[in-house]
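Residue numbers run from 1 in the order of the sequence given.
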Amino acid sequence: MELKFDLENPIFTHITDENQVNEALKELEKEKVVGVDIEGTSLDPYNSTLLTVQIGTSTKSFIFDARELKLGEIPRFKDFLEDSKIIKILHNGKFDYKHIKQNLGISVCNIFDTMLTEAVLNAGLHSSYYSLRGLAEKYAGVDLKKSVRETFEYVTPSTKLNENQLRYSAVDTLILFPVFEEQLKKLKKENLVNIAKLEFATTRVVGDMELNGIHIDVKRWRQIIKNLSVKRDEYAKKFQEAIRPLFRVNSIDLFGNIGDSININSQVQLMDLFNNKMHLNLPSTGDAILELCNDPVVKILREYRGYEKLVSAFGDNLLKKINKKTKRIHPEFNQLGAATGRFSCNNPNFQQIPKQTEDAQFRSCFNPEPGYKLVTSDYSTMEMRIMADLSGDKNLIKAFKSGVDVHSHTAALMFGLTYSDDFKDKYSDERFAAKSINFGLMYGRGPTSLARQLGISPERGREYLQKYFKSYPGVRKYLDKVANEAVKRGWSTTPAGRKRWYIKPDKSDPEYSRKIGHIQRQAKNHPIQGTNADCIKYALVFLNEKIQEKGFDVKIILTVHDEVVCEVREDQAQDWAEIQQKEMIRAGALFVKNVPIESEPFVGDVWEH
């Protein structure tokens, strides 16, 4: 591709006074599309000094010096970046959006994000992170040298930017144009323009969500970890006591205490114990293997590991993430964290924080600031409702329309039982089997995996699946159809148009059958989980619009799977809860037409639902 700018000597203007700002904006305001980038001293917007904001056309870049100018106080500059008619091309736009908003009080809108676009165009083929350097090479044949980037970290309030730094900053906006032009062609070709627009609208909400963060009760958190550590140590002691008779010699310390027979965390020593001393013939010490073993020693080990996992995952490491300036935790949300379009979360990963249990009441530690409430709402059995709608299965749709407990209803159909309000108590085993199939099918699980979970033979697992598909024949037909279409076409799609691609193996591949089976399992899941992702993203966008429209004192602070949490001023919390419920149902109803959507809000002082 022929570039419209000179890579070595790009045209740029370094702007340091307000007269230059007005002259630059006079030129930029004529453009329908501009490139935007920033340079700062830190990845954390709360601890970063914003150095420059670069805004470019396809041939020229204007570098606004954020230290010399009070850009947030120049109305024309603010109006330009918030103008919904002008497209702003950014790469990893969430990052720039956060830094500009935190430092200048400006909310960049009408974003076209080249990193998100590439992830949308390659879902299922690669990871969701793409560097600007990689895209410049792919679409423009340009090798961007990024070594200059590191020098910005050492810039102080009085340091002058050198020519290399200014040239580097200019190129970062200019290179966005050839990438944008080629990506736009691909989006149109694959009918993915609307999905890209959804992601771009969502990224502003995610940027705000990360800036908002969430308050955590540190004292309570540490007490929970302490209690979990005590229980972990109790099970470690029980384990050593249980295996001690198997060892002839046990070590004794200086105080006369009997030492551990083995290291409970050593895979080698555990394998020796289980196979050479206990003769359990286990192929590994992984939990999937251990859960099939009924030996009491194995059960103690699994209990120990459960507590150890909680302590190690949610100990002081999470508390270290509390921002010293805001006193809140600001997790990072990857809105294309899975090939289905589902969110992931890290630094820390809030998706790993378990639901409330007697031992692990972590969610009770997440609280609003004084004078505020948390409003939490999620979709009720959303993925099953989506499966019912997509499959058109009459029995499953009828169950949701009648408002019965769908897992009990399924069990009643499968096992020829009479449905009743107390079915859950009377037939808990049958209901659990039905529930396992209901959720397992959406992830492409087969009879062997089901049998393992239920502790039954694979033959019985196959029998259960046959009973299930006899009860819901439309589900089987639908799942088989999407699986076969994915293998044939090489991609699957959601009703909204979100695509996921698959790498089809060659028929000569010795792993051909296994790889085809893997594609089929992913293809069964994608339209269901992907639609759930589409719904939650539309819900976030709708809620953000309502915040602007209603002027409520509310912040969206979390989304986990199909759940949204907002922090709302106490006197507005109940009114907002109704809005949150309405907008989530509105988003779900965009794609689920034949099954009612349910989302009950919870107003309280803890993250709970």
Exercise. Evaluate whether atom CG of L43 has more than 12 neighbouring non-hydrogen atoms of other residues, nucleotides or ligands under 6.0 angstrom away.
Key: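 Not more than 12 within 6.0 Å, no.
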Quiz item: Within a radius of less than 6.0 Å around CG of N281, do more than 12 heavy atoms belonging to other residues, nucleotides or ligands occur?
Solution: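 Atom CG in N281 is not crowded, with 12 or fewer foreign heavy atoms closer than 6.0 Å.
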Between [X] and [Y], ring centroids under 6.0 Å:
X	Y	result
F602	W607	no
Y46	H330	yes
W491	Y502	no

Exercise. Start with the C-alpha gap between D233 and Y307, add the side-chain angles, then the distance that decides, and say whether side-chain hydrogen bond (donor to acceptor under 3.5 Å, both in side chains) holds.
Key: CA-CA 9 Å; D233 295 344; Y307 286 110; over 6 Å; no
Quiz item: What's the verdict on salt bridge (charged side-chain N to carboxylate O under 4.0 Å, His left out) for R385 and E598, showing C-alpha distance, side-chain angles and the deciding distance?
Solution: CA-CA 10 Å; R385 292 172 192 270; E598 289 186 6; 3.5 Å; yes
Quiz item: Where do R232 and E308 land on the salt bridge (charged side-chain N to carboxylate O under 4.0 Å, His left out) test, with the steps shown first?
Solution: CA-CA 6 Å; R232 174 200 61 190; E308 167 60 21; 3.0 Å; yes
For the residue pair [Y] / [X], report whether a side-chain donor-acceptor contact shorter than 3.5 Å exists.
X	Y	answer
S42	N47	no
S408	D405	yes
Q335	R342	no
S599	Q581	no
Y129	N334	no
H526	T340	no
Y372	D553	yes

Practice problem: Determine the sole option in R204, K94, K537 for which the salt bridge (charged side-chain N to carboxylate O under 4.0 Å, His left out) test with E199 is passed. | Solution: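 Exactly one pass, corresponding to K537.
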Exercise. Report the C-alpha distance between R222 and D316 in whole Å, list the side-chain angles of each, state the deciding distance to 0.1 Å, and finish with yes or no for salt bridge (charged side-chain N to carboxylate O under 4.0 Å, His left out).
Key: CA-CA 8 Å; R222 286 202 166 114; D316 281 344; 3.4 Å; yes
Practice problem: Kindly determine whether N346 and E332 satisfy side-chain hydrogen bond (donor to acceptor under 3.5 Å, both in side chains), including the steps that lead there. | Solution: CA-CA 5 Å; N346 62 290; E332 296 171 9; 3.3 Å; yes
Quiz item: In a check of side chain to side chain contact (heavy atoms under 4.5 Å, CB included) between V603 and each of L374, V568, V375, which one passes?
Solution: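 With V603 as partner, L374, V568, V375 yield a single side chain to side chain contact (heavy atoms under 4.5 Å, CB included), made by V375.
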Can you find a heavy atom in the side chain of [X] that is under 4.5 Å from one in the side chain of [Y]?
X	Y	result
M384	H407	yes
R462	P458	yes
F274	V297	yes
K231	E303	no
L336	F343	no
F350	T559	no
L290	L301	yes
K555	C566	no

Quiz item: Could you go step by step and tell me if Q522 and H518 meet the side-chain hydrogen bond (donor to acceptor under 3.5 Å, both in side chains) rule?
Solution: CA-CA 6 Å; Q522 291 176 320; H518 185 59; 3.1 Å; yes
Exercise. List the steps and the verdict of side-chain hydrogen bond (donor to acceptor under 3.5 Å, both in side chains) for N265 and Y304.
Key: CA-CA 10 Å; N265 297 312; Y304 161 82; 3.1 Å; yes
Quiz item: Are R328 and E567 ion-paired here, with the side-chain N under 4.0 Å from a carboxylate O?
Solution: yes
Quiz item: Please walk me through it: do R305 and D287 pass salt bridge (charged side-chain N to carboxylate O under 4.0 Å, His left out)?
Solution: CA-CA 9 Å; R305 283 182 170 179; D287 198 61; 5.4 Å; no
Quiz item: Looking at Y235, is K238 sitting on its ring face, NZ or CZ under 6.0 Å from the six-membered ring centre and within 45 degrees of the normal?
Solution: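 The answer is yes; both the distance and angle limits are met.
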